[in-house]
Amino acid sequence: MELAVSDLTCARGGVPLLEGVRFTLPAGAALVLRGPNGCGKTTLLRTIAGLQPQLSGTIDCPPDAITYAGHADGLKAVLTVAENLAFWAAIHGTPGIDAALEAMNLTDLAARQAQHLSAGQKRRLGLARLLVTGRPIWLLDEPTVSLDTASVALFGSVARTHLARGGTALMASHIDLGLNEARVLDLTSYRAAPRLPQGFDEAFA
Amino acid sequence: MELAVSDLTCARGGVPLLEGVRFTLPAGAALVLRGPNGCGKTTLLRTIAGLQPQLSGTIDCPPDAITYAGHADGLKAVLTVAENLAFWAAIHGTPGIDAALEAMNLTDLAARQAQHLSAGQKRRLGLARLLVTGRPIWLLDEPTVSLDTASVALFGSVARTHLARGGTALMASHIDLGLNEARVLDLTSYRAAPRLPQGFDEAFA
Amino acid sequence: MIALLLRDLRLAFRAGGGFGLGLGFFLVLAVLVPLGVGSDPRTLALIAPGILWIGALLACLLSLDRMFALDHEDGSLDLLATAPIPLEGVVAVKALAHWLTTGLPLVLMAPLLGVLLNLPGAAYGWLIMSLLLGTPALSVIGAFGAALTVGLKRGGLLLSILVLPLYIPTLIYGAEVVIRGAQGLDTTTPLLLLAGITAGSAAILPFAAALALRVNLR
Amino acid sequence: MIALLLRDLRLAFRAGGGFGLGLGFFLVLAVLVPLGVGSDPRTLALIAPGILWIGALLACLLSLDRMFALDHEDGSLDLLATAPIPLEGVVAVKALAHWLTTGLPLVLMAPLLGVLLNLPGAAYGWLIMSLLLGTPALSVIGAFGAALTVGLKRGGLLLSILVLPLYIPTLIYGAEVVIRGAQGLDTTTPLLLLAGITAGSAAILPFAAALALRVNLR
Amino acid sequence: MPDLGAYTVEVSLAYLGSLGLLGGLTLWVWLRGRRVRADLDLIENRSERNRHG
Amino acid sequence: MSNGSLWEYANPVKFMRLSGQVLPWVAGLAAACVVGGLFWGFFLTPDDFRQGSTVKIIFLHVPAALVAINAWVMMLVASLVWLIRRHHVAALAAKAAAPVGAVMTVIGLFTGAVWGQPMWGTWWVWDPRLTAFLILFLFYLGYIALWSAIEDAETAADLTAVLCLVGTVFAVLSRYAAFFWSQGLHQGASLSLQPGTRMDWAYKAPLYVCMAGFTLLFLALLLAGTRTEIRARRSRALMIRERMAA
Ligand code: HEM
Ligand SMILES: Nc1ncnc2c1ncn2[C@@H]1O[C@H](COP(=O)(O)OP(=O)(O)OP(=O)(O)O)[C@@H](O)[C@H]1O
Ligand SMILES: Nc1ncnc2c1ncn2[C@@H]1O[C@H](COP(=O)(O)OP(=O)(O)OP(=O)(O)O)[C@@H](O)[C@H]1O
Ligand SMILES: [Mg+2]
Ligand SMILES: [Mg+2]
């Protein structure tokens, strides 16, 4: 379960943001993306997840291995915590949600509707979703936003278990992830040079 | 411009969460609310802002002195940064937005539509709104979420200026606010004792 | 207040803001009716006043479903509620903006669609007159309904069901004006009643709507 | 896939999920028409088939406006696009769920409203039959329109304008079946054409809709 | 001017209306073209200057 | 420049060069034909013995209807080219054609309505051909609305192209449905004024000139509009580069 990215150029709204991004994530490794606001972390993650096309470069990974968790958690406000999780488990064909509830300390809240959760509780539920996908490669965009210290530690230990099982994780964050062993990749050095946007017949200059 | 809260009990969905909350915030002081996820920080802030009624207790502050900034930033996606700010400035009858743009390092982005901002840039715009309200009492719910270190420092200095001018700030956060001189109030000790919901004729027991 | 009006108008005219869509809906409806009902000109002339009024009403209705919902979603409504303008004023201004971007264009377009539906010649003036008097009421009543349903996901249809019954008096008197006008009868009574409804709702409903908004926010 | 269907059905039946609102709209429309048009039984009988079909069509339309929009807003659509089910399947299932929660109840309720509108006795069977054959096409075409406008704020009315013209052939044949049925004429041709439209749209449009969704996600 | 007989109003209305629409359309296309072209020239000049200056 | 295929001209630079050369000629010819044809039709044709002077409306009505329908066909082709070969010029040409087609539809509807009043006694009847034409107008509206609602140029091009394809299928279906639904009053598809009588050359000749003129006018406006769209895209690209440099 390796993720290899080479020479990737990615863009938002036609503006190239990052170019020449390259790294490999072997099984069991975690990588943290850093960089100032607006440098393109979210864009990079969405590109790798296949939600938007890259301008150039290649992304090597087995099919159906990636799961993405962005700023929005994909929760239905009127479904309960357990129903939300069970849905994603069913979609991914994995059995049981109890382990995931347990792992993210949500068992007490299982019968609560998602709209009645606090910001941090919602985020915990969003993270629990990762566990029920059964996917080995996690792409996480600021996973610990709104979490208190105990929950950050919880996330750290869950992620560690995932890595120990041969999974990998690629995470963007400005704050502590509770995962000190992760390598850090600073995206500042990959900033795209100013130039005309690609694609439209090289901007027909 | 003093904010005094005494014996406040606040509830979400009929469940009392915090009781006996009391503190005073003299002009020029800042207070950080801490507490685990779901302990009721958001609820407390919304109650003080007047967006929901308290169960009991009093909130003392001059009228029209409070401005609240929650998880959502109140931005219109299709308006530009400058238009968004100018609108709030007009609503509050304050002149000019340049100072606010400058202060939150948004001048370069002034002509960009809000929907094309990154998470951190949006948040900076949300904070800039505080400046154009001209209100002395700031209630902030996790203001530094998604901000990079430079922006956190920026927020810190903006908040310090605000305090120096006699403003006050009440903030909920799990992470660094760049404002070390602020007092901290841990809400754990105010947790409401489990009991029947109030109000409905004392639950007609 | 004026800032709010200008913002709402600007939002309506921006890409995806929905200006002109009410008109489009009105047009489409006027096309669908003959397709469903049949092309006999006499039948069409008979039902034209009613259909035009119902079309204006539905076009209004559909475009108001997110009058407050968008502001609620992005948190603006929380901020407006703590801003130094009364919530009643917010409601009134938003209703006005809605009428300017939806009701007024409908009034101007209605005669054209009258042609499609074979509306008798004598009725055109009355059609415009009645719509001009009646559509502001639709916007204000709609604002009230929108305030009641703000914060509900998929509130759109619930809104329809709440608001349509409230629209009934306006519809009845409005259509009556046109029908009588088409037949050359006296239209004073329904016109006066229509004006009364508009004035009454504009005077009272902003307060009810503001109340509903406050309840929905907490 | 089945999990998705069940989730959508469950969401529809939960508070605020919108089940029954399509019905409500249909009902209200059937009430408004006599109010606007006048209560002459012969006129009503004449226009009843068309109005019923237009009502069903509008009720469908209004309830589909957020078929994908809600999933887009809360991020589910991103996650579904990376899930191990094809996006075409997602579209098809969502259209099916929409039909089960909107189209089918409309079919069952239509005869009742037929009474309100004075529909001739011979037409009831044909009304149900034509709606049963035609409403699935409405859901599928609507899914395509919803996929085009997902991600647009206030996409609702734009959706109407895109989708209503696409509904026209279905409406024409559907209403024709009922009209001919009411007069005791032969209905085979329009029925077959109606079935053809439904089958064709169900076969092709999910692919177009999935394409549109992918474009909108990026 | 030809004698339009009983249909003077109709025929002249058709001609005036249509010519108005055609003219309006042409004018719109032309004005928009001019505006966009001016914008582009402005930006091109500016970016040239930035390159060399 | 190579002696390459037609696709060469899908390159914006080549398109701009070629269209810049051609446009004045097309525009001039269009103006000459439209003005000449309409002048001929309005001043120099005899009144019809049954329709009187209203027959002069034909010189506006028929060319406008012709262009309105063919503009949509052109948009369909351009959309296909965009979807299959992803030439941006094709997408922009489709975008530029839509308003022109829509206005032509309005002219067709308007002149038809004005003609209908003396001929049929009403401005409008729900004749199948008229109905299908009105539905075409609705498709134009939807297409233009979708273009203007979407911010990102490439997304908009993709979605409108898909809408154009699906819309065409349904427009054709609607046309047949409309013919099924009612029998009409409108002229048949032959150039005859009364069924059976061939149209006289006195009318036919100026009509042909007008048809050529309207087609050329469409072409001229299409070229001009496409050039504008290309320029707008280039401005955007340059602005983006400027912003990145900042
Ligand atoms: C609002 C009313 C009308 C509309 C929307 C309309 C629409 C059209 C359209 C779309 C065409 C092109 C047909 C095709 O190529 O398939 C056409 C052609 C034509 N129309 Fe009309 N029309 C209207 C009224 C009239 C009236 C009142 C007359 C004359 C009495 C008329 C006479 C003609 C003639 C002679 C042609 C040329 C037919 C041919 O040879 O293709 N139209 N019209
Ligand atoms: N449509 C668009 N046109 C131009 N620029 C855009 C568009 N959309 C986004 N951007 C810009 O692209 C950049 C990339 O944003 P992205 O969300 O990837 O940043 P990020 O690294 O995730 O930032 P943050 O830490 O704030 O979340 C931002 O600077 C943003 O302003
Ligand atoms: N309608 C409801 N019924 C019952 N409990 C509710 C309801 N709505 C919210 N709650 C609960 O109320 C508590 C208060 O949440 P609040 O948002 O105030 O927490 P918070 O301190 O801001 O947490 P966080 O740090 O995660 O943002 C949460 O435990 C939540 O689950
Ligand atoms: Mg980000
Ligand atoms: Mg909170």
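The chains referred to below are lettered A, B, ... by the order of the sequence lines, with proteins before strands, and numbering in each begins at 1. Computation of the quantities below employed the complete heavy-atom set of this structure, encompassing side-chain atoms and omitting hydrogens, waters and symmetry-equivalent molecules.
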Pair D:Tyr173 and F:Phe180, ring centroids less than 6.0 Å apart: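 For D:Tyr173 and F:Phe180, the ring centres are under 6.0 Å apart.
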What is the distance from atom [atom1] of [X] to atom [atom2] of [Y], rounded to the nearest 0.5 Å?
| X | Y | atom1 | atom2 | answer |
| --- | --- | --- | --- | --- |
| F:Phe170 | D:Ile197 | CZ | CD1 | 7.0 Å |
| D:Thr149 | F:Leu146 | OG1 | CG | 8.0 Å |
| D:Leu158 | F:Ser148 | CG | OG | 7.5 Å |
| D:Leu148 | F:Leu163 | CG | CG | 6.0 Å |

Between D:Pro169 and F:Ala177 the two heavy atoms that sit nearest each other are CA-CB, 4.2 Å
**Request:** Give, as side chain, backbone, both or neither, the part of D:Arg214 having an atom under 4.5 angstrom from any heavy atom of chain F.
**Result:**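 Neither; nothing under 4.5 Å.
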- Given a strict heavy-atom distance threshold of 4.5 Å, which part of F:Leu173 is in contact with chain D: side chain, backbone, both, or neither?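 When you check distances to chain D, atoms from both the backbone and side chain of F:Leu173 fall under 4.5 Å.
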query: Do other residues, nucleotides or ligands put more than 12 heavy atoms under 6.0 Å from D:Phe207 CZ?
result: no
Within a 6.0 Å radius of atom CE on D:Met129, are there more than 12 heavy atoms belonging to other residues, nucleotides or ligands?
no
key: Within-4.5 Å side-chain heavy-atom neighbours: F:Leu159 and D:Asn216   = yes
**Message:** Quick one, F:Val162 and D:Phe144 - any side-chain contact, counting heavy atoms below 4.5 Å?
**Reply:** yes
* To do: Using a cut-off of under 4.5 Å on heavy-atom pairs, state which of D:Leu166, D:Ile141, D:Leu205, D:Leu162 scores highest against chain F.
  =>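 Heavy-atom pair counts peak at D:Leu166.
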